[in-house]
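Scope of the values below: all heavy atoms of this structure, side chains included, with no hydrogens, waters or symmetry mates. When a ligand or atom number is given, it counts from 1 through the structure's own listing order.
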Amino acid sequence: MIGYVIQNNVPIQSDSDRAIKDILKQVDDQPFLPQAVIDLALWAADYYLCGPGQVLEVGLPQDRRVAPRTYRHFTLTAKGRSYACVDPGNRSPTTAKRLGPKQRLALDSLGKVGEGLSQSDLNGCGVSVSTLKRLVDMELVRVTNRQIAGGELNVDPVTSKTEFQLTPDQEAALARLLSILSTERFQTALLHGITGSGKTEIYLRLAKAVLRSGRRALILVPEIGLTSASAKAFRGLFGSRVAIQHSGLSARERHAQWSRIRAGDVDLVVGTRSAVFTPLDNIGLVVVDEEHDGSYKQEETPRYHGRDVAIMRAKQAGALVVLGSATPSLESYHRAIRGRYELIALTTRISDQGLPAIQIIDMKEEFAEQGGEVVLSRALASGMRDRLDRHEQVIILLNRRGFAASVFCRECGGTAECPNCSVSLTIHRTSGRVRCHYCGHSRLVPTRCPICQGEYLEFSGFGTERVELEVHQHFPKAKVARMDRDTMAHRGAADELLTRFGRGEIDILVGTQMVAKGHDFPKVTLVGVVSADVGLGVADFRAGERTFQLLTQVAGRAGRGARPGETIVQTINPTHYSIQHACLQSYEAFYREELQFRQAMRYPPTLGLINLIVRGSSESAAMRDGFQLVKALQHRGHAGWILGPAPAPLSRLKGQHRVQILAKGDHRTRLRKVVESALDQLPRIRRRISVDVDPVFVR
Ligand code: ADP
Ligand code: ZN
């Protein structure tokens with residue numbers, strides 16, 4: 001095991017039941033991480049109730065050595081040079097005789113290149129390691145360790161758009177942010193700018209300013225965001241001073257980038273969630289782009305929130321942190337309203353178009369008239385035809401992948417469920433399989449009911465594969481592409497697809513929430529939402545917020561160029577407040593209504609919440625542990641509310657039963673301390689409990 005020394009002279013607790021082991025070997029001879037990152041990790045471990053080692057691992061490249069990887073490089077010594085002659089006829093016979101043929105081969109090969117050769121080059125010429133060793137012993141050849149090149153980023157050529165004249169809105173926002181930046185003190189600003197209001201340009205100018213003042217910048221983007229226009233803009237503008245950190249990089253690329261940052265060769269880091277732990281020094285600016293995005297939250301231990309850790313990082317560095325979004329999380333907006341964050345608004349779009357008009361289609365009426373099988377309503381289909389005729393582009397969103405959501409038996413009503421998880425299996429037509437989206441279990445699409453052997457199986461609910469097929473059938477001549485986790489599985493696929501879409505090689509882009517995020521395609525004039533209801537049925541207090549965000553964001557993809565945009569939303573809940581407010585593009589109205597709901601139901605942001613999931617081999621075992629945990633919480637003087645133990649919304653996952661306890665409290669720190677000491681009291685069941693402080697997905 002590799003351990004990290006973070007402190008010396010720590011008193012050893014004699015009652016510790018864990019053995020203290022000796023250190024076998026020291027891996028690095030210089031400090032591996034800057035102190036700032038260690039401090040941040042310690043804070044996060046404390047806040048998220050996990051181990052410091054678990055947090056430290058997050059930001060590290062897989063290959064944990066600090067020394068950049070090296071290779072052995074051989075050159076001739078002066079003595080060696082006189083032995084090695086390009087023209088073998090010139091060689092003095094006496095010396096040549098003392099060398100074997102392999103040794104002569106090595107010297108000849110090295111003699112032909114001034115620069116020397118690497119060990120693997122020489123091996124490739126048929127020279128073995130032992131031959132080289134002998135030549136080194138004879139002082140004919142010298143060996144050095146050289147660094148493996150790499151880490152230089154392939155930067156897109158600088159897309160040197162002429163500097164924009166900022167809009168008055170942008171001008172005012174930038175001026176405010178620059179004045180905060182110049183204080184060189186910690187401050188959080190929420191940049192609430194509607195879609196297409198030009199937030200990226202503000203980040204870029206802030207970054208330039210902070211670099212000019214001799215400090216550095218950390219830019220966090222959502223998972224899919226690296227292919228976004230904003231990440232490209234950073235790479236274009238700052239060239240080789242930028243490093244990129246995200247999970248899609250190969251281990252080697254990631255390590256090379258990490259080493260450059262650690263060595264101080266980089267002024268600006270753009271990365272996803274884990275980049276918040278990047279070893280960048282002297283940070284003056286932190287940007288969290290699309291701060292509401294769910295991918296900032298890690299859904300496994302350590303369950304940290306990239307945005308919240310970013311705020312702490314900025315605090316420790318005395319930096320300005322800018323959270324940007326068209327649809328801020330309720331948490332951030334709540335704090336901004338109450339004055340803890342500086343609230344800065346951009347209320348106008350760059351294009352003269354204003355926000356796209358949104359039309360709601362009540363699918364209950366559509367089904368009544370057209371039959372229950374309709375995927376594309378008449379309004380949406382005719383809107384698409386118009387766009388195709390005018391050579392404009394269309395985005396179609398359905399936030400569910402696969403062909404059908406489930407398969408059920410007409411005789412017994414049973415559905416095909418995952419054997420390991422309490423969810424129904426999704427039908428994937430392209431692969432002819434049914435699949436569990438939680439554990440990956442898959443098998444061939446059943447032809448008979450697994451329960452009663454009935455032969456009449458039906459599909460219900462549909463996903464992006466089905467929509468793609470429908471669109472093909474409606475518009476056989478159109479070029480259609482699909483963007484979801486199934487089609488974007490290999491690295492670079494999303495980037496490639498979006499580039500093709502940007503070039504106009506695709507007319508209609510069908511996809512899950514991936515199509516909603518941050519893209520800037522001026523030729524998109526219609527966005528269709530096939531079913532706005534997908535996320536509403538789930539048992540998660542954020543369902544309404546997520547639906548509002550998704551609809552607002554995807555609507556914002558239309559009308560970003562010279563032509564006005566339109567959005568058509570199909571739903572069977574036309575009066576749901578999330579859908580209504582999204583269609584009116586009214587963030588404040590949504591915020592007020594949602595906050596009332598959160599207050600009434602006692603959910604964040606008005607109080608603190610910790611989700612405790614107890615896993616067990618049976619439900620009763622998990623419940624038993626759950627009751628113990630609740631008792632411990634009460635015993636420790638928990639002052640808030642405790643819900644549960646009760647089966648979690650996802651009551652079985654990967655073969656384990658899951659029981660949920662929600663602990664709530666007005667005082668967040670006290671709540672955390674109570675949970676911590678209750679867990680300490682239960683060492684035997686501790687590892688069956690996952691602890692989620694400030695959960696984002698409650699399932
Ligand atoms: P947001 O992130 O707020 O949705 P973007 O930052 O993507 O908006 O900006 C939308 C588009 O407007 C981008 O193509 C961007 O390059 C362009 N843009 C930004 N600011 C200006 C400006 N002042 N003048 C002209 N174009 C601008
Ligand atoms: Zn499963």
Side-chain angles (χ1 to χ4, degrees), residues 159-175 190-207 219 221-222 224-225 227-234 236-237 287-293 322-328 344-356 402 406 415-426 428 433-443 498 502 516-524 527 549 552-562 565 585 587 650-658 699:
T159 36
S160 65
K161 289 184 195 162
T162 40
E163 276 240 318
F164 300 124
Q165 177 76 41
L166 292 184
T167 64
D169 240 19
Q170 283 175 314
E171 198 82 69
L174 182 66
L190 176 62
L191 181 62
H192 177 207
I194 62 170
T195 55
S197 58
K199 294 183 284 294
T200 309
E201 190 61 26
I202 293 186
Y203 306 148
L204 288 170
R205 296 201 188 195
L206 278 174
I219 316 292
V221 294
I224 181 81
T227 52
S228 77
S230 72
K232 286 219 173 83
F234 276 106
L237 199 59
V287 170
V288 185
D289 188 22
E290 310 289 359
E291 66 88 29
H292 64 278
D293 195 278
V322 180
L323 314 178
S325 177
T327 51
I344 296 173
L346 294 172
T347 55
T348 53
R349 274 195 145 184
I350 301 291
S351 71
D352 306 326
Q353 303 305 334
L355 290 170
S406 61
T415 57
E417 286 214 352
C418 175
N420 313 315
C421 312
S422 55
V423 293
S424 55
L425 295 168
T426 306
H428 289 256
R433 301 183 80 84
V434 287
R435 225 176 243 138
C436 172
H437 287 180
Y438 288 94
C439 73
H441 168 86
S442 93
R443 60 169 184 263
L498 292 172
K517 294 187 173 177
H519 315 304
D520 187 35
F521 297 113
K523 275 181 70 185
V524 173
V527 165
Q549 287 167 344
T552 309
Q553 292 286 346
V554 76
R557 298 313 115 206
R560 295 169 77 92
Q585 300 265 19
Y587 179 84
L650 196 57
S651 61
R652 235 154 59 81
L653 179 65
K654 300 179 186 171
Q656 287 191 307
H657 290 262
R658 303 167 83 243
R699 58 188 167 207

Within 4.0 Å of some non-hydrogen atom of R560, the atoms of ligand 1 are 1 (P), 4 (O), 5 (P), 7 (O), 8 (O), 10 (C)
For ligand 1, is there an N or O atom under 3.5 Å from any N or O atom of T195?
no
Under a 3.5 Å distance rule, please check whether T415 uses its side chain to pair with a backbone N or O of E417 as donor and acceptor.
no
What do you reckon, does I350 have a nitrogen or oxygen under 3.5 Å from a nitrogen or oxygen of ligand 1?
no
Ignoring hydrogens, what is the shortest heavy-atom contact between Y438 and K654? Give both atom names and the distance.
O-CE, 3.4 Å
For H292, which residues count as a ring-ring contact (aromatic ring centres under 6.0 Å, His included) partner, sequence neighbours excluded?
none
Side-chain (E201) to main-chain (F164) donor-acceptor, under 3.5 angstrom
no
Contact check: E201 vs ligand 1, nitrogen or oxygen atoms, below 3.5 angstrom:
no
ring-ring contact (aromatic ring centres under 6.0 Å, His included) involving H441 - partner list, sequence neighbours excluded
none
Quick one: does any side-chain atom of R349 pair with a main-chain N or O of T195 as donor and acceptor, under 3.5 Å?
yes
Counting from 1 in the order shown, the ligand 1 atoms closer than 4.0 Å to a non-hydrogen atom of Q165 are 22 (C), 23 (N), 24 (N)
So does G402 get a backbone contact from the side chain of R435, meaning a donor-acceptor N/O pair under 3.5 Å?
no
Among D289, T200, I202, which one has a heavy atom closest to atom 6 (O) of ligand 1?
T200
Of I350, T348, I194, which is the lone residue that meets side-chain contact (heavy atoms from CB on, under 4.5 Å) with D169?
T348
Subset of ligand 1 atoms that lie under 4.0 Å from at least one heavy atom of I194:
3 (O)
Contact summary for C418 and R652, nearest pair of heavy atoms
O-NH2, 4.1 Å
With sequence neighbours left out, write down each residue that passes side-chain hydrogen bond (donor to acceptor under 3.5 Å, both in side chains) with R557, or none if nothing qualifies.
Q553
Please indicate whether any nitrogen or oxygen in R557 is less than 3.5 Å from any nitrogen or oxygen in ligand 1.
no
Quick one: does G193 get an N or O within less than 3.5 Å of an N or O on ligand 1?
no
Check: G193 main-chain N/O paired with K199 side-chain donor or acceptor under 3.5 Å
yes
Which option out of Y203, F521, F164 puts a heavy atom nearest to atom 18 (N) of ligand 1?
F164
Using a 4.0 Å heavy-atom cut-off, say whether D520 meets ligand 1 through its side chain, its backbone, both or neither.
side chain
Which protein N, O or S atoms lie under 2.8 Å from the Zn ion (ligand 2), given by chain and residue number?
C418 SG, C421 SG, C436 SG, C439 SG
